[in-house]
Structure formats: C-alpha cells, structure tokens
Amino acid sequence: MNEYSKGTVCVQGGYTPGNGEPRQIPIVQSTTFKYASSGEMGKLFDLEAEGYFYSRLQNPTNDRVAAKIAELEGGTAAMLTGSGQAATFYAVFNIASCGDHVVSSASIYGGSYNLFAVTMKRMGIDFTFVSPDCTEEELNAAFRPNTKAVFGETIANPALTVLDIEKFAKAAHAHGVPLIVDNTFATPINCRPIDFGADIVTHSTTKYMDGHGAAIGGAIVDSGKFDWNAHADKFPGLTQPDESYHGVTYTERFGLAGAYITKATVQLMRDLGSVQSPQSAFYLNLGLESLHVRVKRHCENALAVANFLKNDPRVAWVQYPGLEGDKYYDRAQKYMPNGTCGVISFGVKGGRAAAEKFMEGLRICAIETHVADARSCCLHPASTTHRQMNAEELVACGISEDLVRLSCGLEDAEDLIRDISQALGE
Ligand SMILES: *Cc1c(COP(=O)(O)O)cnc(C)c1O
C-alpha cells in the first residue's frame, strides 16, 4: 500500500482480505498452530520456512497490525510488544549488550530514563545522556568505541522538547551506529523520523495509536536502511551466526530489510516474552483506523487551549511546541509542519497550591497519569509522579512546582477552554 497516503494506510493498511474473508482483521485467539508433520514444523524452528507455531513469537493478528504501523512509518518491518517499555528495551537490547554503551537524549520519558539509567545499567550497558539542544561537538564527544546506538524522542514526554532528528542521525551515522527514535507523541501522522534519517522507530501504542485508553502496547519499526554489514564488527549479533538457530546469520538470511526485526522477534521475544495479546492488537488497530482524524483534532484543540492560556493573566507560562514563540516552535515547524501533539504544559500563577486547586476545579479534564487519550486529562507532577523530589530537585529535572501537564482530548475546544477558565478561578 506504499502508493497510498497515510490516511488511507491508517484505515486499510496491513491487511487485504481475500474473497469471502473477514473485512476486519480477525482476532486469532490461539496460542498454537497445527502441523501435519514434525518435519514441516522443524523448518519453522530453523527459520527456513515462514509460518506460525506459537503466539509468543508470532500471531497473525499482531503481524497484520504491525505491518500497518510499518507502512505508516515508512519502514520495512515491524513488531508489536506488550508495552512501550518493552519496545524501548528490545529496540536497544537487540543491538547492545553487557559492556556496550548508548548515547541518549536526556529529555526522554521518565520510564525510559529509569530503564536506561538503572535497569539496563545493572545489565552492564552504559548510557551517556546529552541535552537535546547540545552542539554537534558535544554530541560527538559523547561517543565511545563501544557505542552501539543513539536514542531520542521526537517530542519528549513530558518536557515537550523537540529532537533535532537530522543532527542526531548525522552524528550516529558518523560513528557507525543507528538512531532510534521514540515517536509516540508525534505519531507518523505528524512526523516520520525515518524520512529525516532515523533508522529505528519505537512507540508506546498505549498513547495516540490506541487513543482510547483501552490497551497497553508497544511497537518497533525498522527502516531497513542501516547497513549492519558495513559495521559488522559492532553488530556481531546481526552479522555472525546465531547458534540458537543452527548458525543462521540474520543479515544474510533476511537482508537489511528484515534482519533487525527478525532477530528481535526470534531471540528477544522468544526468550523474554513481552508479547502483546491478539485482543489488544485488535483494539490497537481500531485506534489506528482513525489515527489521522484524531491526531489532527488533538492538535487543533491543543493549539486553541495553548493560545487561550498564553493570553490569560492567571497563567504564568505556557509550553507547547506548536505555539508560535515557543522555544521549539521553529524546529517543530521543520519536522512537524502539520501539527505536533495534544499535550501542553503550563504554570498556574500562585505556585503549587494554585495548581492543585486549579486541577480539583476541572470538570471535563480528569486527573490521570495518562496522556493521549480521547478524554482530556491532566497531571500535577510535583504532587504525584515527582512527589519524592524537593523544590530544588524538581527544578533540576525541569519541573516547576506550578507545572500542570494537560493532554487535550477530542472534546470541543470551546468546552475545554470554558472548563479551564472556570477552574482557574477569579
Ligand atoms: C508512555 C510512554 C512510554 C512507555 O509506554 P508504556 O506503553 O506505558 O509501557 C514510552 N515512551 C513514551 C514517549 C511514552 O509516552
């Protein structure tokens, strides 16, 4: 379906039923698949034939939804994972192991930061965190001989910084490693990181792709563009025989288009098992069918709310990369000219107490640790996700005591603005 535009791919990509087959992607609610002989099944275990044998590795429902996401991102292959966290972990761990090093933007999702700085560090992988606004010199200085990847977020959750994808891709490629971009907030509707040089794209599909707060999930997409063979010594897992599959070499057997996702599926999913259920994949696909329509509306609502907040004397400051005058506006225009995301952060005049009072006064926007839902929601990080930090620590990680994160849903913008205005009080 590569000849179709994104909206058409959202609706019809990944699955084309034959005569008399279900119009909707069927939920294949089966852990296992039947074979007539052990010999036929054995070929699957040796990766000599394609097919399904156990849903921890592959399932037809998941594969069709993954194929749609690959088309949307302009990649050659994709896989679903049980959560965004699993996608981030697999994407990095597929090419970096004990003794290796990764360069990451410091402005990333808190869960990703913890995964890198604590859990993967315990596994022997070192991370260097750089500012998303660092100079090329600073970025290049972060690399080491054992660096295996660069990681960043198109629009960071919750900091709302915008990654200079071309700059990060250029540095990654100059050092012979791929750029991995978490594209959760922008979605492929607003930005396709692969078009700007990213090699691998990850998603928490829990957010806009699902879009209805219905199912946790993740996805990894490979562009098929990174030449593992040109840097074979750095990536032996892809370019040298895998003894757990009778000596298969992924780049030889599956080519650059398929090597990375095949390895992640048959090794990491086989051994670690963070699988998405076919039922969740079905919900995810329902979300994808309207992604292009919803994302546009989320962005329109967020821009209307951001403009209202910017001009309201009860509000101390507003941060939204789609808002003219924002620190990241120009970069967002370059990478996301049609819109950014539905999430805004802003400060309520009067500090922590005023922010808490404001949120309790909201009627449409619910207090949740979620974003990117059809229903508007908000969070006061200083008293929830970051409550263990004192005022100084909050400042150090870019979160002020008055900060409210607001995820604009799909309601009518006038109602959202009226709700926010009444909650801001006199
Ligand atoms: C939520 C989120 C994640 C983690 O995804 P889960 O589905 O919650 O595991 C990763 N990256 C970003 C940008 C997110 O917003």
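All ligand and atom numbering here is 1-based and tracks the order in the structure.
Closest protein heavy atom to atom 12 (C) of ligand 1: D182 OD2, 3.4 Å. Annotation: atom 7 (O) of ligand 1 to nearest protein heavy atom, T206 OG1, 2.6 Å. The protein heavy-atom contact nearest to atom 4 (C) of ligand 1 is Y109 CE2, 3.4 Å. Summary of contacts: the protein heavy atom closest to atom 5 (O) of ligand 1 is S204 OG, 3.0 Å.
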Test log, rule salt bridge (Lys or Arg N to Asp or Glu O under 4.0 Å), inputs D412 and R297:
CA-CA 9 Å; D412 281 332; R297 173 68 172 239; 2.8 Å; yes

Using the side-chain contact (heavy atoms from CB on, under 4.5 Å) rule, take N157 and V343 through it: C-alpha gap first, then chi angles, then the decisive distance, then the call.
CA-CA 9 Å; N157 175 15; V343 181; 5.8 Å; no

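More than 12 heavy atoms of other shown residues, nucleotides or ligands fall within 6.0 angstrom of atom NZ in K349. Annotation for Y15: atom OH counts as buried by contact number, over 12 foreign heavy atoms lying within 6.0 Å. By the 6.0 Å contact criterion, NZ on K121 is open, its count of non-hydrogen atoms from other residues, nucleotides or ligands being 12 or less.
Within the listing of ligand 1, atoms 13 (C) sit less than 4.0 angstrom from a heavy atom of E153. Atoms of ligand 1 found under 4.0 Å from any heavy atom of N157 (numbered from 1 in listed order, with element): 14 (C), 15 (O). Residue Q85 has at least one heavy-atom neighbour below 4.0 Å for each of these atoms of ligand 1: 4 (C), 5 (O), 6 (P), 9 (O). For ligand 1, the atoms sitting less than 4.0 Å from at least one non-hydrogen atom of K207 are 1 (C), 2 (C), 3 (C), 14 (C), 15 (O), numbered in the order shown with element in parentheses. Shown in contact with S83 at under 4.0 Å from a heavy atom are these atoms of ligand 1, numbered in order with element: 7 (O), 9 (O).
The six-membered or imidazole ring of Y260 lies away from that of F226, with a centre-to-centre distance of 6.0 Å or more.
Y52 and F33 have tilted rings, their planes meeting at an angle from 30° to 60° on a 0 to 90° scale.
Note: an N/O pair closer than 3.5 Å links G84 and ligand 1 by distance alone.
Ligand 1 has G217 within reach: a non-hydrogen atom of the residue lies less than 4.0 Å from it.
The existence of a salt bridge linking D133 and R331 is confirmed by a sub-4.0 Å separation between a basic side-chain nitrogen and an acidic carboxylate oxygen.
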